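Worksheet: the structure to be examined is printed underneath.
Below, chains carry the letters A, B, ... as their sequence lines are ordered, and counting in each starts from 1. Quick caveat, the model's predicted, so the values are computed rather than measured.
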There are 2 protein chains.
Amino acid sequence: MLALLTLVDHYHQGDPLQIRQIAAQQHIPDRYLEQLLATLRRSGLVCSQRGARGGYSLAREPWKITLLEIIRCIEGRESQGQTPPPASLTIERAVVHEIWQEADQAANHVLENCTLQDLCDRKAAQQQIGLMYYI
Amino acid sequence: MLALLTLVDHYHQGDPLQIRQIAAQQHIPDRYLEQLLATLRRSGLVCSQRGARGGYSLAREPWKITLLEIIRCIEGRESQGQTPPPASLTIERAVVHEIWQEADQAANHVLENCTLQDLCDRKAAQQQIGLMYYI
DNA sequence: CATAATCTCCGATGGAGAACCGGAGTATAC
DNA sequence: GTATACTCCGGTTCTCCATCGGAGATTATG
């Protein structure tokens, strides 16, 4: 997520950003970030350019990527986000499963209506608030 | 949760339910259920009666126990539900943390407005639907 | 074309938490 | 006082996350 925000900041430039730079800027171990970005690449959220002067860039405009998509990619590398209905399906299990799904959907609704661009806008707003202290 | 539903079913009777019976009815390993119920007891959601003819019973009326309370008890044995704001607090981390909180609150809102009694009512409704197939 | 820079793939490690089992102790109805 | 329960404590296994290291593939550039 932090890495993606860094990519948004860099989006208007044409050249890709390298793992090293993103990692350093956000204080994330680069070897770990590499894995996450690889996952996002396989899901088609970011593009990678191999070789010298390579790096990563967003595959789409930042206002067309919702946070829900990102979460789905990350958590859905093995376990599908939709928890499968429990094996031995008694009525109580079904009912509990249902309410859980509802809570999950409520959270997803928030994430679905927030794009990377929105997050960046918030960041900008926060920064302005921060500036106010010094003026 | 399943165990608590069983306790609700038994709520109008005065006598407590034993771990064995709950576990057998809901197909939960009893040694594990014991741990969970102990946690709920320490949180004051259920009462226990030791000794022969002992067992567990709800500490409050089922319509006065929300699912959020239950979740908080279970997940909050060590980690406080509110994820603490990240240590190295850059602006991006704060913003990401904020949206996560919002999603979490949306889910909690659903769980807050659902009591054990509500779940039982749903169960009853489901059972009626099930009956319709046979009539 | 050689080379350095960079992503890519794969395997390994350590820690945390969940799920689970077993034993020794304690309280209580009968 | 004894059988029946809960209670406490420790241990095992399993999975997932975070992390690191190495060998290989790809490409801009001189």
* Rounded distance in Å - CG (B/Leu33) to P (D/dC8) -> 15 Å
* To do: Scan nucleotides 23-30 of chain C nucleotide by nucleotide, 5' to 3', and note B when protein non-hydrogen atoms come under 4.0 Å of the base, S if they reach only the sugar-phosphate, - if neither.
  => B-BBBBSS
* Identify which nucleotide among D/dC20, D/dC8, C/dC9 has an atom closest to any side-chain atom of A/Arg41, counting heavy atoms from C-beta outward. => C/dC9
* To do: Please answer whether the main-chain N or O of B/Gln105 pairs with a side-chain N or O of B/Asn108 as donor and acceptor at a distance below 3.5 Å.
  => no
* To do: State which residue, out of A/Gln21, A/Gln26, A/Gln25, fulfils the side chain to side chain donor-acceptor pair (under 3.5 Å) condition with A/Thr6.
  => A/Gln26
* What pairs with B/Glu69 under side chain to side chain contact (heavy atoms under 4.5 Å, CB included), at least two apart in sequence or on another chain? -> B/Leu45, B/Arg60, B/Ile65, B/Thr66
* **Smallest separation among heavy atoms of B/Asp118 and B/Asn113, with atom names** => OD2-O, 3.8 Å
* Asked: Considering all heavy atoms of both residues, which atom of A/Gln18 and which atom of A/Gly54 are nearest to each other, and what is their separation?
  -> CG-O, 3.3 Å
* Structure fact -> Between B/Arg42 and B/Gly54, whichever has its closest DNA chain D nucleotide further toward 5' is B/Gly54
* Check the distance between D/dA5's C1' and B/Ile22's CD1 and give it to me in whole angstrom. => 12 Å
* Calculate the interatomic distance between B/Gln21 atom CD and D/dA5 atom P; express it in whole Å. => 8 Å
* To the nearest Å, how far apart are B/Ile74 CD1 and C/dA18 C1'? -> 12 Å
* To do: Could you check how far CZ of A/Arg20 sits from P of C/dA4, rounded to whole Å?
  => 15 Å
* **Within-4.5 Å side-chain heavy-atom neighbours: A/Leu17 and A/Tyr56** => no
* Kindly say whether B/Gln101 contributes a backbone atom to a donor-acceptor pair with the side chain of B/Asp104 at under 3.5 angstrom? => no
* Rounded distance in Å - CD (B/Gln35) to C1' (D/dG10) -> 11 Å
* Would you please confirm or rule out a distance under 4.0 Å between OP1 or OP2 of C/dT13 and any side-chain N or O of A/Tyr32? => no
* **Rounded distance (Å) that lies between atom P of D/dT7 and atom CG of B/Leu40** => 12 Å
* Atom pair distance, as rounded to whole Å: CG in A/Asp30 and C1' in D/dG21 -> 12 Å
* Examine D/dT7: is either OP1 or OP2 under 4.0 Å from a nitrogen or oxygen in the side chain of B/Ser48? Give yes or no. => yes
* Under the 3.5 Å rule, do the base of D/dC17 and the side chain of A/Glu75 count as making a donor-acceptor pair? -> no
* Contact class for A/Ile19 (heavy atom, under 4.0 Å): base, sugar-phosphate, or nothing? -> sugar-phosphate
